[in-house]
Visitor: 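What follows is a structure written as structure tokens; I'll ask about it next.
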Amino acid sequence: MALNFVAGRSGSGKTEYCLKSIAKKHKENYNGLSILIVPDQFSFQAEKDLIAAMGNKVIMRAKVLSFTRLAHTVFSKTGCGKTIPLTDVSKAVALRKIMIDNAEKLLYYKKSADKKGFSEQLSSIITEFFRYTVPPQKLLDACEGGGEALGLKIKDLALIYGEYINFINEGYLSSEETLDILYGAIDGYRALEGAEIWIDGFDGFTPQEYKIIGKLLKISGNVTVVLTMDRQAAASDRLVPSDLFFGPKETYLKLCRIASDAGVEIKAPVFMDTAVRYKSAGIANFEKNYWRTFFKSGMGHEGIA
């Protein structure tokens, strides 16, 4: 078991490196499973790119999944204990009913249930609570020391959130809790034991996703995470929040802590130092220096209008 990183600036060939590495491993008679995890919106393109890199003969031994599709793949084999999927529309209807049923208990949002779009906004807020593992009690604890209006809002949100949790616990599968259920079910999916996991296309991860990565580190063969971060940022211990690579560096450090806590080996990052996407030297120089406080002039401006 090991945690690996592939790092480099935008356009440095990180994704291509991953695809070629997956293809090479399988062409060398690797009989295990490879899984490339990407954001939902990138999965179709990633599948096309992986097929182009591997060919049709070995594509069945490699899968392109998002975290959500990984969850449903696992549930198809292990089950998840819930049988009624909850769509966005049905979730909004459920939240509206919860507000109507608890109207007398609400302190701030009592008159908001009938407002157009409020259920959708409330749905989005609750999704964030799930993603960042914020329980209702933590919201109530946050009321202390806040302003009167803010305190009333948080108390109402905690009430609605708690009632929503009670509702979905009656057998409904909500998209927000998919990764929480996956965390408990993933141990029963034997195909992941010793598998090669590649994670690409993410700027960072939610607490739910970090938990899943931590579990994958324990049961799979290797986990490789792609980060948009140059060699200088990786080596620096003084990045300020305004730095272009501050977010990826924080992600890198947190993943290292998770791997260390799990007793997993952390390998030195593979850095992609050369821009391969940009055919124009002017564009390449622009990408490299646009965010710098003290930029360096390039030799030309071809490709820049």
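Along the sequence shown, the residues carry numbers beginning at 1.
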Visitor: Answer with yes or no whether the hydrophobic clustering places Phe129 together with Phe167; edges join I, L, V, M, F, W, Y residues whose side-chain heavy atoms lie under 4.5 Å apart.
Guide: yes

Visitor: With the threshold set at 4.0 Å, does a side-chain nitrogen-carboxylate oxygen contact exist between Lys14 and Asp200?
Guide: no

Visitor: Considering only heavy atoms from C-beta outward, does the side chain of Phe44 approach that of Val38 to under 4.5 Å?
Guide: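 Side-chain contact under 4.5 Å: no.
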
Visitor: Just wondering, are more than 12 heavy atoms of other shown residues or ligands nearer than 6.0 Å to CG in Asn166?
Guide: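 Yes, the 6.0 Å shell around CG holds more than 12 heavy atoms from other groups.
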
Visitor: Taking the side chain as C-beta and beyond, is there a heavy-atom pair between Tyr172 and Ser90 under 4.5 Å?
Guide: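 The answer is no; the side chains never approach within 4.5 Å.
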
Visitor: Closest heavy-atom contact between Leu36 and Ala46?
Guide: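 Scanning both residues, the minimum pair turns out to be CD2-CB, 4.3 Å.
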
Visitor: Taking 4.0 angstrom as the limit, do Arg131 and Glu128 come out as a salt bridge?
Guide: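 Result for this pair is yes, salt bridge flagged.
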
Visitor: Could you tell me whether the side chains of Tyr164 and Ser174 share a donor-acceptor contact shorter than 3.5 Å?
Guide: yes

Visitor: How far apart are the closest heavy atoms of Tyr30 and Gly194, and which atoms are they?
Guide: OH-O, 3.5 Å

Visitor: Looking only at heavy atoms, what is the nearest atom pair of Gly204 and Glu209, with distance?
Guide: O-OE1, 4.2 Å

Visitor: Quick one, Met272 and Val226 - any side-chain contact, counting heavy atoms below 4.5 Å?
Guide: no

Visitor: Side chains of Asn102 and Ile160, heavy atoms from C-beta outward: is any pair under 4.5 Å?
Guide: no

Visitor: Look at atom NZ of Lys218 and say whether more than 12 heavy atoms of other residues, nucleotides or ligands are closer to it than 6.0 Å.
Guide: no

Visitor: Do you know the tightest heavy-atom contact between Ala71 and Leu182?
Guide: CA-CD1, 3.8 Å

Visitor: Any link between Phe5 and Ile212 through a network of hydrophobic side chains (Ile, Leu, Val, Met, Phe, Trp, Tyr) touching at under 4.5 Å?
Guide: yes

Visitor: Is Tyr210 reachable from Leu65 through a run of I, L, V, M, F, W or Y residues, each pair having side-chain heavy atoms under 4.5 Å apart?
Guide: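 In one cluster with Leu65: Tyr210, yes.
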
Visitor: Within 45 degrees of the axis of the six-membered ring of Tyr189 and under 6.0 Å from its centre: does Lys77 put its NZ or CZ there?
Guide: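 No.
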
Visitor: Would a 4.5 Å heavy-atom cut-off, applied to side chains only, mark Trp198 and Leu50 as touching?
Guide: no

Visitor: After noting the C-alpha distance and the side-chain angles of Asn4 and Val270, does the key distance pass the side-chain contact (heavy atoms from CB on, under 4.5 Å) rule?
Guide: CA-CA 8 Å; Asn4 309 274; Val270 174; over 6 Å; no

Visitor: Where do Phe130 and Glu177 come nearest, in terms of heavy atoms and distance?
Guide: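 That would be CE2-CB, 4.0 Å.
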
Visitor: Of all heavy-atom pairs between Tyr183 and Lys215, which one has the smallest distance, and what is that distance?
Guide: O-NZ, 2.8 Å

Visitor: Flag yes if Leu150 and Leu140 sit in one hydrophobic cluster, no otherwise; membership is Ile, Leu, Val, Met, Phe, Trp, Tyr, and two members link when side-chain heavy atoms are under 4.5 Å apart.
Guide: no

Visitor: Looking at Thr133, Asp180, Thr178, which one forms a side-chain hydrogen bond (donor to acceptor under 3.5 Å, both in side chains) with Gln208?
Guide: Asp180

Visitor: At what distance, to the nearest 0.5 angstrom, does CZ of Phe67 lie from CG of Leu179?
Guide: 7.5 Å

Visitor: Got a second to check how far Leu157's CG is from Leu139's CG, nearest 0.5 Å?
Guide: 7.0 Å

Visitor: To the closest 0.5 Å, what do you measure between CG (Leu255) and CD1 (Ile213)?
Guide: 5.5 Å

Visitor: Hey, mind stepping through Lys254 and Phe205 against side-chain contact (heavy atoms from CB on, under 4.5 Å) and telling me if it holds?
Guide: CA-CA 10 Å; Lys254 184 159 187 176; Phe205 303 98; over 6 Å; no

Visitor: Linking I/L/V/M/F/W/Y whenever any side-chain heavy atoms sit under 4.5 Å apart, do Leu86 and Val93 land together?
Guide: no

Visitor: Kindly indicate, with the supporting measurements, whether the criterion side-chain contact (heavy atoms from CB on, under 4.5 Å) is fulfilled by Tyr161 and Ile98.
Guide: CA-CA 9 Å; Tyr161 183 26; Ile98 288 171; over 6 Å; no

